[in-house]
Amino acid sequence: MSAPQVVVHRDKELMAKAAAARLITKIVDAQTARGSASVVLTGGRNGNGLLAALAEAPARDAVDWSRLDLWWGDERFAPDGDPERNHTQAREVLLDSVPLDPARVHPMPPSDGPYGNDADAAAEAYATALAAAAGPEDHGPVPSFDVLLLGVGPDTHVASLFPELPAVYETERTVVGVHGAPKPPPTRTSLTLPAIRAAREVWLLAAGEDKANAAAIALSGAGEVQAPAAGARGRSRTLWLLDEAAASQLPRDLYPPASA
C-alpha cells in the first residue's frame, strides 16, 4: 500500500474545484491508456461538493462519460430515490447532467429493491457485481478502480466503516451490511477495507474544523480499527485532500508549503 500524501487548500470551495480538476485529468488519462475509467463515488458534504464542482468545470467535456464506470463506496439502506441516499444526491448534483451509459452506473441496492429489507443480501449482491466486473488483470474480486473517493467523518469513519464496529474488522468479504451505525440511518451497505485497498488511488476528502481531529489521528499512525481512515490506502497512491481548517492540527512538516 502507498504512504499518504497530503495536499492542503485554502478553503473547502477551492479544495472541491481542485479535486474536480484532478479527477477529470485522472479519468481522461485512464481512458486514453485503457479505453475506459472506473471511479468509486462518496457522499457527504465533501463528496457532493466535489461532484458539484465537477458539474461546473469547463473541462468536464474532456471526459468521455459513456466510457466511465461508476461505483459507490457505501450507501444508506433506504428506498430508491430517497433524498438521503448517496446515489440520489449524486444524480442531483452531477450524474443526471452528463451522458453516462446507464449500464455502467452501479448504485448499491435500495431497501425497496430485489433484496427487500435485507442489507446483508444487498451487500452480497453488490459484491457479486464487483466480482463480475473484475478482469484477470485485477488479481482479485473487485476491479482495480482508477480513483476511489472517500469522505472522512469526525470520528475517522470512511464509507460506512465506523471505529471498532464489525465491518472494519472484515478481511474476506468486499461488501458488507452495516447494522447499528452510530450515524443515522443505522443500516447501510459498505465496501470493506480490502475492497478499498484494491483501488489504484484512494483520495480522502476532509474540510472544516470538525474534521481536524480525525485527520490528525488518522495521519498520526493510528490503527485502522480505532481510526478506519488510517486503513484506507491505494495501491499506487493515497491522497488526503484537505482545507486549512481540516489540516489545522497536522504537523506542518506533513505537507509541503506549496500545497497550501
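Numbering of residues begins at 1 and proceeds along the displayed sequence.
For Tyr126 (side chain) and Thr174 (main-chain N/O), no donor-acceptor pair under 3.5 Å exists by modelled atom type. Side-chain atoms of Thr128 come within 3.5 Å of backbone atoms of Glu124 as a donor-acceptor pair (strictly under, hydrogens ignored). Between the Asp138 side chain and the Gly140 main chain, no donor and acceptor come within less than 3.5 Å of each other. A donor-acceptor contact shorter than 3.5 Å is absent between the side chain of Arg91 and the backbone of Asp96. With hydrogens and angles disregarded, no donor-acceptor distance shorter than 3.5 Å links the side chain of Thr238 to the backbone of Val202. Side-chain atoms of Trp72 never come within 3.5 Å of backbone atoms of Gly43 as a donor-acceptor pair (strictly under, hydrogens ignored). A donor-acceptor pair under 3.5 Å is formed between the side chain of Ser38 and the backbone N or O of Asp146. Panel note: side chain Glu170, backbone Glu172; a donor-acceptor pair is recorded below 3.5 Å. In this structure, the side chain of Ser111 does not engage the main chain of Asn117 through any donor-acceptor pair within 3.5 Å. Of the possible polar contacts, one joining the Glu75 side chain to the Asn86 backbone as a donor-acceptor pair under 3.5 Å is found.
Pro163 has its side chain within reach of Pro228: a pair of non-hydrogen atoms, C-beta onward, lies under 4.5 Å apart. No side-chain heavy atom of Val147 sits under 4.5 Å from any side-chain heavy atom of Ile27. Looking at Leu54 and Val63, their side chains never come closer than 4.5 Å, going by heavy atoms from C-beta outward. Contact annotation: the side chain of Leu219 approaches that of Pro4 to within less than 4.5 Å [non-hydrogen atoms, C-beta and beyond]. Annotation: side chain of Met108 is not in contact with side chain of His87 (no heavy-atom distance under 4.5 Å). Between Leu14 and Asp243 there is no side-chain heavy-atom pair separated by less than 4.5 Å.
A salt bridge is absent between Asp29 and Lys26; no separation between the charged side-chain nitrogens and carboxylate oxygens falls under 4.0 Å. Between Glu201 and Arg233 there is no salt bridge, since none of the side-chain N atoms of the basic residue sits less than 4.0 Å from a carboxylate O of the acidic one. Ion pairing between Arg76 and Glu84 holds under the 4.0 Å rule for side-chain N and carboxylate O.
Between Arg235 and Ser144, the side chains place a donor N or O and an acceptor N or O closer than 3.5 Å (distance only, hydrogens not considered). For the residue pair Ser160 / Arg188, a side-chain donor-acceptor distance below 3.5 Å is found, with atom types taken as modelled.
Residues forming a ring-ring contact (aromatic ring centres under 6.0 Å, His included) with Trp203 (at least two apart in sequence, or on another chain): none.
Residues Pro83 and Thr88 share a closest heavy-atom pair of CA-CG2, 4.1 Å.
The neighbour count for Glu13 CD, taken as heavy atoms of other residues, nucleotides or ligands under 6.0 Å away, is above 12.
For residues 40-51, every residue pair satisfying the side chain to side chain donor-acceptor pair (under 3.5 Å) rule, not counting sequence neighbours, is listed here: Arg45-Asp210, Asn48-Gln89.
The OG atom of Ser190 sits 8.5 Å away from atom CZ of Phe162, with the distance rounded to the nearest 0.5 Å.
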